[in-house]
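Presented below is the structure to which this report refers.
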Amino acid sequence: MTLPFVPESFRWVETPAGPVLECVPLERVAPHFFTTRGVALDPVVMVNQVHGRTVVVIRHDAPLPAGRPDADVLVSNSRAAAIAVRAADCVPLLMADKSTGAVAAVHAGWRGTAAGAAGAAVDTLAREFGAKPENLVAAIGPSIGPCCYEVGSELVDAFAAAGHPRHLIDRWFSRRRGSGIGDQGSGFLASKERLVLDVPGANRDQLVLAGVPDDQIYLSGLCTAEHLDVLTSYRVEKEKAGRLAGVIRARAG
Ligand SMILES: [Zn+2]
(Lines give C-alpha, C1' and ligand atoms only; values in the text may rest on other atoms or scores of the structure.)
Protein backbone atom coordinates (compact mmCIF):
# COMPACT_ATOMS: atom_id res chain seq x y z
CA MET A 1 0.00 0.00 0.00
CA THR A 2 1.44 3.36 -1.03
CA LEU A 3 0.18 6.14 1.15
CA PRO A 4 -0.87 9.15 -0.93
CA PHE A 5 1.06 12.41 -0.67
CA VAL A 6 -0.45 14.88 1.80
CA PRO A 7 0.28 18.58 2.44
CA GLU A 8 2.78 19.61 5.10
CA SER A 9 -0.01 20.25 7.61
CA PHE A 10 -0.90 16.52 7.57
CA ARG A 11 1.08 13.35 8.27
CA TRP A 12 0.53 9.60 8.08
CA VAL A 13 1.00 7.77 11.36
CA GLU A 14 1.48 4.01 11.51
CA THR A 15 -0.61 2.31 14.20
CA PRO A 16 -1.04 -1.40 15.03
CA ALA A 17 -4.42 -1.14 13.28
CA GLY A 18 -2.97 0.42 10.14
CA PRO A 19 -2.04 3.91 8.95
CA VAL A 20 -4.09 6.91 10.09
CA LEU A 21 -3.94 10.52 9.00
CA GLU A 22 -3.26 13.34 11.46
CA CYS A 23 -3.46 17.12 11.05
CA VAL A 24 -0.31 18.49 12.67
CA PRO A 25 -1.66 21.88 13.88
CA LEU A 26 -4.87 20.27 15.18
CA GLU A 27 -2.86 17.62 17.06
CA ARG A 28 -1.39 20.42 19.18
CA VAL A 29 -4.92 21.19 20.41
CA ALA A 30 -6.65 17.80 20.55
CA PRO A 31 -5.76 14.16 19.87
CA HIS A 32 -7.52 12.99 16.71
CA PHE A 33 -7.08 11.01 13.48
CA PHE A 34 -8.74 10.10 10.21
CA THR A 35 -8.75 6.35 9.61
CA THR A 36 -8.01 4.66 6.31
CA ARG A 37 -10.44 2.13 4.89
CA GLY A 38 -9.55 -0.78 7.13
CA VAL A 39 -9.07 0.59 10.63
CA ALA A 40 -11.34 -0.66 13.43
CA LEU A 41 -12.50 1.89 16.00
CA ASP A 42 -12.13 1.75 19.74
CA PRO A 43 -15.37 2.55 21.53
CA VAL A 44 -16.31 6.12 20.78
CA VAL A 45 -19.51 8.11 20.73
CA MET A 46 -21.04 7.91 17.28
CA VAL A 47 -24.30 9.05 15.78
CA ASN A 48 -26.78 7.70 13.28
CA GLN A 49 -25.93 10.09 10.44
CA VAL A 50 -28.93 11.50 8.62
CA HIS A 51 -27.41 14.23 6.38
CA GLY A 52 -28.60 17.19 8.43
CA ARG A 53 -27.32 19.77 10.92
CA THR A 54 -28.60 18.35 14.21
CA VAL A 55 -25.95 18.48 16.96
CA VAL A 56 -25.35 16.08 19.85
CA VAL A 57 -23.64 17.69 22.86
CA ILE A 58 -21.37 15.55 25.07
CA ARG A 59 -20.50 17.09 28.47
CA HIS A 60 -17.77 15.98 30.81
CA ASP A 61 -20.18 16.16 33.77
CA ALA A 62 -23.11 14.34 32.17
CA PRO A 63 -23.77 10.74 31.08
CA LEU A 64 -22.95 9.78 27.50
CA PRO A 65 -25.95 9.55 25.16
CA ALA A 66 -27.54 6.12 25.01
CA GLY A 67 -27.36 4.41 21.62
CA ARG A 68 -26.72 6.44 18.51
CA PRO A 69 -28.87 9.58 18.28
CA ASP A 70 -29.83 10.87 14.81
CA ALA A 71 -27.33 13.68 14.12
CA ASP A 72 -24.41 14.69 11.88
CA VAL A 73 -22.53 16.90 14.33
CA LEU A 74 -21.04 16.03 17.71
CA VAL A 75 -19.47 18.52 20.10
CA SER A 76 -17.74 17.55 23.33
CA ASN A 77 -15.69 18.81 26.24
CA SER A 78 -15.29 15.31 27.70
CA ARG A 79 -11.89 13.73 27.99
CA ALA A 80 -13.54 10.41 28.75
CA ALA A 81 -14.99 9.72 25.32
CA ALA A 82 -13.79 10.32 21.80
CA ILE A 83 -16.39 11.40 19.26
CA ALA A 84 -16.46 10.14 15.68
CA VAL A 85 -18.12 10.55 12.32
CA ARG A 86 -17.92 8.05 9.46
CA ALA A 87 -17.83 8.83 5.77
CA ALA A 88 -17.18 7.34 2.33
CA ASP A 89 -17.06 10.43 0.08
CA CYS A 90 -18.79 12.85 2.47
CA VAL A 91 -16.53 15.31 4.31
CA PRO A 92 -15.30 14.28 7.77
CA LEU A 93 -14.46 17.53 9.57
CA LEU A 94 -12.76 17.73 12.97
CA MET A 95 -12.32 20.88 15.07
CA ALA A 96 -10.86 21.89 18.42
CA ASP A 97 -10.83 25.12 20.41
CA LYS A 98 -7.37 26.29 21.47
CA SER A 99 -8.70 28.03 24.56
CA THR A 100 -11.37 25.72 26.05
CA GLY A 101 -10.18 22.44 24.52
CA ALA A 102 -13.71 21.58 23.35
CA VAL A 103 -13.93 19.58 20.12
CA ALA A 104 -16.36 18.87 17.29
CA ALA A 105 -16.80 16.22 14.61
CA VAL A 106 -18.96 16.89 11.55
CA HIS A 107 -20.22 14.61 8.77
CA ALA A 108 -21.12 16.71 5.71
CA GLY A 109 -22.04 15.37 2.31
CA TRP A 110 -23.85 17.67 -0.08
CA ARG A 111 -27.01 17.64 2.03
CA GLY A 112 -25.22 18.43 5.28
CA THR A 113 -23.20 21.10 3.48
CA ALA A 114 -26.37 22.66 2.06
CA ALA A 115 -27.86 22.50 5.57
CA GLY A 116 -24.82 24.26 7.07
CA ALA A 117 -23.60 21.47 9.38
CA ALA A 118 -20.12 23.02 9.81
CA GLY A 119 -21.63 26.34 10.94
CA ALA A 120 -23.91 24.48 13.35
CA ALA A 121 -20.80 22.95 14.95
CA VAL A 122 -19.13 26.36 15.39
CA ASP A 123 -22.32 27.91 16.81
CA THR A 124 -22.83 25.04 19.26
CA LEU A 125 -19.20 25.07 20.46
CA ALA A 126 -19.66 28.79 21.20
CA ARG A 127 -23.04 28.48 22.88
CA GLU A 128 -22.36 25.35 24.96
CA PHE A 129 -18.69 25.69 25.81
CA GLY A 130 -17.82 29.36 25.24
CA ALA A 131 -15.49 28.53 22.35
CA LYS A 132 -14.64 31.58 20.25
CA PRO A 133 -14.57 30.88 16.48
CA GLU A 134 -11.20 32.67 16.17
CA ASN A 135 -9.67 30.07 18.48
CA LEU A 136 -10.83 27.06 16.48
CA VAL A 137 -8.46 24.85 14.50
CA ALA A 138 -10.16 22.67 11.86
CA ALA A 139 -9.09 19.72 9.72
CA ILE A 140 -11.05 18.58 6.68
CA GLY A 141 -10.25 14.93 6.04
CA PRO A 142 -10.36 12.87 2.85
CA SER A 143 -13.61 13.18 0.86
CA ILE A 144 -14.66 13.07 -2.75
CA GLY A 145 -13.05 16.07 -4.45
CA PRO A 146 -14.30 18.41 -7.16
CA CYS A 147 -12.10 16.36 -9.51
CA CYS A 148 -14.55 13.45 -9.21
CA TYR A 149 -17.82 14.72 -7.78
CA GLU A 150 -20.15 15.16 -10.73
CA VAL A 151 -23.61 16.30 -9.63
CA GLY A 152 -26.95 17.27 -11.17
CA SER A 153 -28.17 20.85 -11.43
CA GLU A 154 -30.89 20.11 -8.88
CA LEU A 155 -28.17 20.39 -6.22
CA VAL A 156 -27.59 24.03 -7.21
CA ASP A 157 -31.30 24.61 -6.63
CA ALA A 158 -31.11 22.88 -3.25
CA PHE A 159 -28.23 25.12 -2.12
CA ALA A 160 -30.12 28.22 -3.34
CA ALA A 161 -33.27 27.08 -1.53
CA ALA A 162 -31.20 26.61 1.65
CA GLY A 163 -30.32 30.31 1.47
CA HIS A 164 -26.67 30.25 0.39
CA PRO A 165 -25.68 33.42 -1.47
CA ARG A 166 -25.25 33.17 -5.22
CA HIS A 167 -21.57 34.16 -5.24
CA LEU A 168 -20.75 31.24 -2.94
CA ILE A 169 -22.88 28.79 -4.91
CA ASP A 170 -21.01 29.89 -8.04
CA ARG A 171 -17.72 29.17 -6.28
CA TRP A 172 -18.75 25.75 -4.97
CA PHE A 173 -20.23 24.49 -8.25
CA SER A 174 -18.21 24.62 -11.46
CA ARG A 175 -18.28 23.14 -14.94
CA ARG A 176 -15.39 20.96 -16.04
CA ARG A 177 -14.55 18.86 -19.05
CA GLY A 178 -13.73 15.20 -18.58
CA SER A 179 -15.36 11.86 -17.98
CA GLY A 180 -15.54 11.91 -14.21
CA ILE A 181 -13.72 9.60 -11.82
CA GLY A 182 -10.02 10.15 -12.39
CA ASP A 183 -10.66 11.90 -15.71
CA GLN A 184 -9.10 8.94 -17.54
CA GLY A 185 -11.80 8.66 -20.19
CA SER A 186 -11.24 9.44 -23.81
CA GLY A 187 -13.21 10.48 -26.86
CA PHE A 188 -16.77 11.67 -26.42
CA LEU A 189 -16.91 11.19 -22.64
CA ALA A 190 -13.63 13.02 -22.06
CA SER A 191 -14.95 16.10 -23.81
CA LYS A 192 -18.32 16.13 -22.06
CA GLU A 193 -18.89 19.08 -19.76
CA ARG A 194 -19.75 18.11 -16.22
CA LEU A 195 -21.14 20.03 -13.26
CA VAL A 196 -18.99 19.37 -10.20
CA LEU A 197 -19.33 20.33 -6.54
CA ASP A 198 -16.42 21.18 -4.23
CA VAL A 199 -17.69 19.88 -0.89
CA PRO A 200 -14.41 20.36 1.06
CA GLY A 201 -14.10 23.91 -0.30
CA ALA A 202 -17.70 24.72 0.59
CA ASN A 203 -17.11 23.52 4.16
CA ARG A 204 -13.95 25.63 4.43
CA ASP A 205 -15.91 28.68 3.23
CA GLN A 206 -18.70 27.99 5.74
CA LEU A 207 -16.18 27.79 8.58
CA VAL A 208 -14.69 31.12 7.48
CA LEU A 209 -18.18 32.66 7.37
CA ALA A 210 -18.74 31.37 10.91
CA GLY A 211 -15.61 33.22 12.06
CA VAL A 212 -12.87 30.56 11.90
CA PRO A 213 -9.65 32.12 10.53
CA ASP A 214 -8.83 30.83 7.05
CA ASP A 215 -5.24 29.99 8.07
CA GLN A 216 -6.50 27.73 10.88
CA ILE A 217 -8.43 25.48 8.48
CA TYR A 218 -6.46 22.60 6.98
CA LEU A 219 -7.56 20.49 4.00
CA SER A 220 -6.04 17.07 3.42
CA GLY A 221 -6.61 17.48 -0.31
CA LEU A 222 -7.16 13.73 -0.62
CA CYS A 223 -9.93 12.52 -2.94
CA THR A 224 -11.58 9.29 -1.75
CA ALA A 225 -12.37 8.21 -5.32
CA GLU A 226 -8.70 8.18 -6.31
CA HIS A 227 -6.85 6.20 -3.63
CA LEU A 228 -9.00 3.11 -3.25
CA ASP A 229 -6.20 0.96 -1.82
CA VAL A 230 -6.05 3.35 1.17
CA LEU A 231 -9.34 5.28 1.14
CA THR A 232 -12.85 4.24 0.14
CA SER A 233 -15.52 5.77 -2.08
CA TYR A 234 -19.24 5.04 -2.13
CA ARG A 235 -19.47 6.61 -5.60
CA VAL A 236 -16.96 4.15 -7.05
CA GLU A 237 -17.42 1.07 -4.89
CA LYS A 238 -21.14 1.29 -4.08
CA GLU A 239 -22.12 -1.31 -1.46
CA LYS A 240 -18.54 -2.62 -1.36
CA ALA A 241 -17.37 0.72 0.06
CA GLY A 242 -16.00 0.78 3.59
CA ARG A 243 -16.11 3.85 5.80
CA LEU A 244 -13.41 6.27 6.92
CA ALA A 245 -13.77 7.69 10.40
CA GLY A 246 -12.76 11.04 11.80
CA VAL A 247 -12.14 10.66 15.54
CA ILE A 248 -11.31 13.39 18.08
CA ARG A 249 -11.19 13.72 21.88
CA ALA A 250 -11.04 16.80 24.08
CA ARG A 251 -8.03 17.41 26.29
CA ALA A 252 -10.13 19.61 28.59
CA GLY A 253 -13.02 18.62 30.86
ZN1 LIG B 1 -10.87 12.91 -7.42
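Heavy-atom basis, side chains included; hydrogens, waters and symmetry copies ignored.
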Are Arg59 and Glu128 ion-paired here, with the side-chain N under 4.0 Å from a carboxylate O?
yes
So, taking the atom named CG in Leu244 and the one named CZ in Arg86, what distance separates them when rounded to the nearest 0.5 Å?
9.5 Å
Once the angle between the rings of Phe34 and Phe10 is folded into 0 to 90°, is it parallel (under 30°), tilted (30 to 60°) or perpendicular (over 60°)?
tilted
Hey, could you give me each pair passing ring pair (Phe, Tyr, Trp, His ring centres under 6.0 Å) that has a residue in residues 88-113? Not counting sequence neighbours.
His51-His107
Do the side chains of Trp172 and Gln206 get nearer than 4.5 Å, heavy atoms only?
yes
Are the side chain of Thr224 and the backbone N or O of Pro142 linked by a donor-acceptor pair below 3.5 Å?
no
Minimum heavy-atom separation for Ile144 to Pro200, with atom names?
O-CD, 3.8 Å
To the nearest 0.5 Å, atom CD1 of Ile140 lies from atom CG of Leu93 at 5.0 Å
For the side chain of Glu237 and the backbone of Thr232, is there at least one donor-acceptor N/O pair under 3.5 Å apart?
no
Taking the side chain as every heavy atom from C-beta outward, state whether Phe173 and Val151 have any atom pair closer than 4.5 Å.
yes
Main-chain N/O of Val50 paired with Asp72 side-chain donor or acceptor, under 3.5 Å:
yes
Measure across Val106 and Ala118 and return the closest heavy-atom pair with its distance rounded to 0.1 Å.
CG1-N, 4.2 Å
Hey, any chance Val196 and Val199 share a hydrophobic cluster, counting ILVMFWY side chains that come within less than 4.5 Å of each other, even indirectly?
no
Counting only N and O atoms by type, is there a donor-acceptor contact under 3.5 Å from the side chain of Arg53 to the main-chain atoms of Ala115?
yes
Mind running side-chain contact (heavy atoms from CB on, under 4.5 Å) on Leu195 and Ser153 for me, showing each step along the way?
CA-CA 7 Å; Leu195 180 67; Ser153 59; 4.3 Å; yes
Provide the closest heavy-atom pair for Pro7 versus Ser220 in the form atom of the first, atom of the second, distance.
CD-O, 3.1 Å
When you compare the side chain of Ile83 with that of Val56, does any pair of heavy atoms fall below 4.5 Å?
no
Derivation of the side-chain contact (heavy atoms from CB on, under 4.5 Å) call for Asp214 and Arg204:
CA-CA 8 Å; Asp214 199 16; Arg204 179 200 52 216; 3.8 Å; yes
Sorted by first residue and then second, give each side-chain hydrogen bond (donor to acceptor under 3.5 Å, both in side chains) pair with at least one member in residues 18-33; sequence neighbours left out.
Arg11-Glu22, Glu27-His32
Atom pair NZ (Lys98) and NZ (Lys132), whose distance is rounded to the nearest 0.5 Å
12.5 Å
Could you tell me the separation between the CG atom of Leu136 and the OG1 atom of Thr100, rounded to the nearest 0.5 Å?
8.0 Å
Non-hydrogen atoms of Pro4 and Leu222 that approach each other most closely
CB-CD2, 3.8 Å
Going from CG on Asp157 to CD on Glu154, what distance comes out if it is rounded to the nearest 0.5 angstrom?
7.5 Å
Please tell me if the side chains of Thr36 and Leu21 come closer than 4.5 Å, counting only heavy atoms from C-beta onward.
no
At their closest point, which heavy atom of Cys90 faces which heavy atom of Ser143, and how far apart are they?
O-CB, 3.5 Å
Within one Ile-Leu-Val-Met-Phe-Trp-Tyr cluster: Tyr218 and Phe5, side-chain cutoff 4.5 Å:
no
Can any side-chain N or O of Asp89 pair as donor or acceptor with the backbone N or O of Arg235 at less than 3.5 Å?
yes
Do the side chains of Tyr149 and Tyr234 join up, straight or via other hydrophobic residues, at under 4.5 Å, putting them in one cluster?
no
Side chains of Ile58 and Leu64, heavy atoms from C-beta outward: is any pair under 4.5 Å?
yes
Does Asp70 form a side-chain contact (heavy atoms from CB on, under 4.5 Å) with Thr54? I'd like the steps, not just the answer.
CA-CA 8 Å; Asp70 288 351; Thr54 301; over 6 Å; no
Val103 side chain near Leu94 side chain, heavy-atom distance below 4.5 Å:
no
Kindly indicate whether the side chain of Glu226, heavy atoms from C-beta on, has any atom under 4.5 Å from the side chain of Cys147.
yes
Flag side-chain contact, heavy atom, 4.5 Å: Leu209 against Leu168:
yes
Tell me the closest heavy-atom pair linking Val75 and Ala104, and the distance in Å.
CG1-CB, 3.8 Å
Nearest 0.5 Å, what's the CG-CG distance between Asn77 and Asp61?
7.0 Å
Going by atom types alone, do Thr113 and Asn203 pair a side-chain donor with an acceptor below 3.5 Å?
yes
